[in-house]
Amino acid sequence: MTTTRSKLNFSSGPAVLPESVLRNAQTALWDLDGSGIGILEHSHRGPEFGRVLDRTEAAIREVGGIGDEYAVLFVTAGATAHFTTVPASFLGAGETADYCHTGVWSGKAMTEAKRFGTVHVACASDEKFTTTPTTARWSAAPRYAHYTSNETIYGTQWAAPPPGAPAPLVCDASSDIFSRPLPLAGHGLIYAGAQKNLGPSGISLVVARKDFVATERADLPPLQRYGTYVAERSLHNTPNTFGIYMIGEVCAWIREQGGLAAMEARNRAKADVLYDYLDRSETWRAHAAPGSRSMMNVTFRGPSVAAEEKLLAEAERRGMSSLRGHRSVGGLRASLYNAFPAEGLHRLVELLEDARL
Ligand SMILES: *Cc1c(COP(=O)(O)O)cnc(C)c1O
């Protein structure tokens, strides 16, 4: 997890990717696997791309520990599309789905679900979204229970999936998928836009239990049915072939790094450097409460907006990019996805220390 780049990219997404993956992709753009044709130029029905699809799925299954009861799908859309497709597929009029409300993204997911059925808020963060819930009141018979494993904007993360849901869990894992072991038990469907930890934007990885998909509405258009992706192996129409290639390369890189347990240990160590500093600082303070803090997106505030602006200007001067918090909440945010280099934390702490009042 080192880089030869001097620029540090703290972007929340699209975000930093492993250097070796980007270098291999440069080669593959020109010539995929020695075929004499680039990845962007190969037919999605040809044998060369077929091998890319095979090895990508195999790497995802191996890294994620995903068995045959789950389908691995590549949907040509970001996570936002699933805010709609999930309730359209699984929630009918007169039915209830349970949602855990932890911030901006779960709010958007609930807004969509309300168009199809009843949304029951089973649990919610505190008003300022500094915590993940510790208890839940599930409804009697929900179709599914939805949660956002990592709140990218507020910087909170579930330590473990919400316990005790009386229905399959559906998880928006966009900003922490494959940053730690995948907790598959109890899940009917996990979706993740690729641009935080897996690859380019505009494509999402879906890990779906086949028997849960079998309960979806059958009268939706084909591209809005998970079952179409299962039955046709994400090849109903031309998929994002480059995105699939990139996700495969990133997963192979994760495997080389020692897999998801090793990834988690490194991510925790990286985030700890920053949280430890923030907890000691009298100038900068972490937004999220201990126990709910995200390893992926560390949100923090300065003593004033002016101090934050000064820090951002100095960060740019030192080659540290995209530390500004999300436009909806302000403040500062350091996104530390899998490929973010550990040495970058020391540069950030040095910056914060130098930019004190
Ligand atoms: C980034 C993000 C999204 C939105 O992804 P799009 O690709 O823009 O649709 C949804 N949920 C979470 C948790 C995210 O981090």
Side-chain angles (χ1 to χ4, degrees), residues 9-17 73-88 97 99-113 123-125 129-133 144-159 161-162 169-180 182-183 187 189-207 223-224 226 239-240 242-244 246-247 250 267 271 287-288 292-299 322 324-329 331 333-340:
N9 180 10
F10 291 94
S11 172
S12 61
V16 58
L17 288 167
L73 314 174
F74 304 99
V75 174
T76 310
T80 305
H82 302 280
F83 295 166
T84 314
T85 310
V86 164
Y99 276 73
C100 298
H101 185 28
T102 52
V104 174
W105 295 116
S106 62
K108 292 189 186 209
M110 287 192 292
T111 299
E112 287 305 299
C123 53
S125 303
F129 296 108
T130 64
T131 57
T132 49
Y144 59 85
H146 182 282
Y147 74 107
T148 311
S149 51
N150 182 74
E151 220 297 330
T152 325
I153 291 172
Y154 287 100
T156 60
Q157 185 175 27
W158 289 84
L169 291 168
V170 173
C171 178
D172 175 0
S174 294
S175 51
D176 70 350
I177 187 143
F178 288 2
S179 66
R180 57 181 178 178
L182 195 65
H187 286 78
L189 192 142
I190 297 172
Y191 61 92
Q195 73 270 27
K196 315 297 173 35
N197 242 346
L198 295 178
S201 59
I203 177 171
S204 44
L205 171 64
V206 176
V207 179
L223 286 176
Q224 288 164 40
Y226 293 107
N240 180 340
F242 180 69
I244 292 170
M246 285 294 290
I247 293 172
V250 168
N267 286 327
H287 171 77
S292 301
R293 290 173 168 176
S294 171
M295 292 187 287
M296 299 281 98
N297 312 99
V298 180
T299 48
S322 301
R324 188 181 290 283
H326 191 268
R327 55 196 152 83
S328 61
V329 298
R333 172 176 54 177
S335 295
L336 311 174
Y337 298 117
N338 285 348
F340 188 86

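Whatever order the structure lists them in is the order used to number ligands and atoms, beginning at 1.
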Quiz prompt | Proximal ligand 1 atoms for F83, defined as those under 4.0 Å from one of its heavy atoms | solution = 10 (C), 11 (N)

Quiz item: Does the pair V75 and Y191 meet the rule for a side-chain contact (heavy atoms from CB on, under 4.5 Å), with working shown?
Solution: CA-CA 9 Å; V75 174; Y191 61 92; over 6 Å; no

Exercise. Pull out every atom of ligand 1 sitting under 4.0 Å from any heavy atom of T80, numbered as shown with elements.
Key: 4 (C), 6 (P), 8 (O), 9 (O)

Quiz item: With backbone taken as N, CA, C and O and side chain as the heavy atoms from C-beta onward, which portion of Y191 lies under 4.0 Å from ligand 1: side chain, backbone, both, or neither?
Solution: neither

Quiz prompt | Nearest candidate to atom 11 (N) of ligand 1, where distance is taken over non-hydrogen atoms, out of D172, I153, N297 | solution = D172

Quiz item: When only distance counts, is A79 in polar contact with ligand 1, meaning an N/O pair under 3.5 Å?
Solution: yes

Quiz item: Just wondering, do T131 and T156 contact through their side chains at under 4.5 Å, heavy atoms?
Solution: no

Quiz item: For ligand 1, is there an N or O atom under 3.5 Å from any N or O atom of K196?
Solution: yes

Exercise. Under 4.0 Å from a heavy atom of T148: give me the atoms of ligand 1 that qualify, with their elements.
Key: 13 (C)

Quiz item: Parallel, tilted or perpendicular for F83 and W105, by the 30°/60° rule?
Solution: tilted

Quiz item: Does at least one non-hydrogen atom of G193 fall below 4.0 angstrom from an atom of ligand 1?
Solution: no

Practice problem: For T152, counting its heavy atoms only, list the atoms of ligand 1 lying under 4.0 Å from any of them. | Solution: 12 (C), 13 (C), 14 (C), 15 (O)

Self-check item: Separation of Q157 CD from S149 OG (nearest 0.5 Å)
Solution: 7.0 Å

Exercise. Please state which part of Q195 comes within less than 4.0 Å of ligand 1, counting heavy atoms only: side chain, backbone, both or neither.
Key: side chain

Quiz item: What is the ring orientation for H101 with F129, classed by angle as parallel under 30°, tilted 30 to 60°, or perpendicular over 60°?
Solution: perpendicular

Self-check item: From CA spacing to verdict: side-chain hydrogen bond (donor to acceptor under 3.5 Å, both in side chains), N297, S335
Solution: CA-CA 4 Å; N297 312 99; S335 295; 2.9 Å; yes

Exercise. Measure the acute angle between the ring planes of H187 and Y147, then classify it against the limits of 30° and 60° as parallel, tilted or perpendicular.
Key: tilted

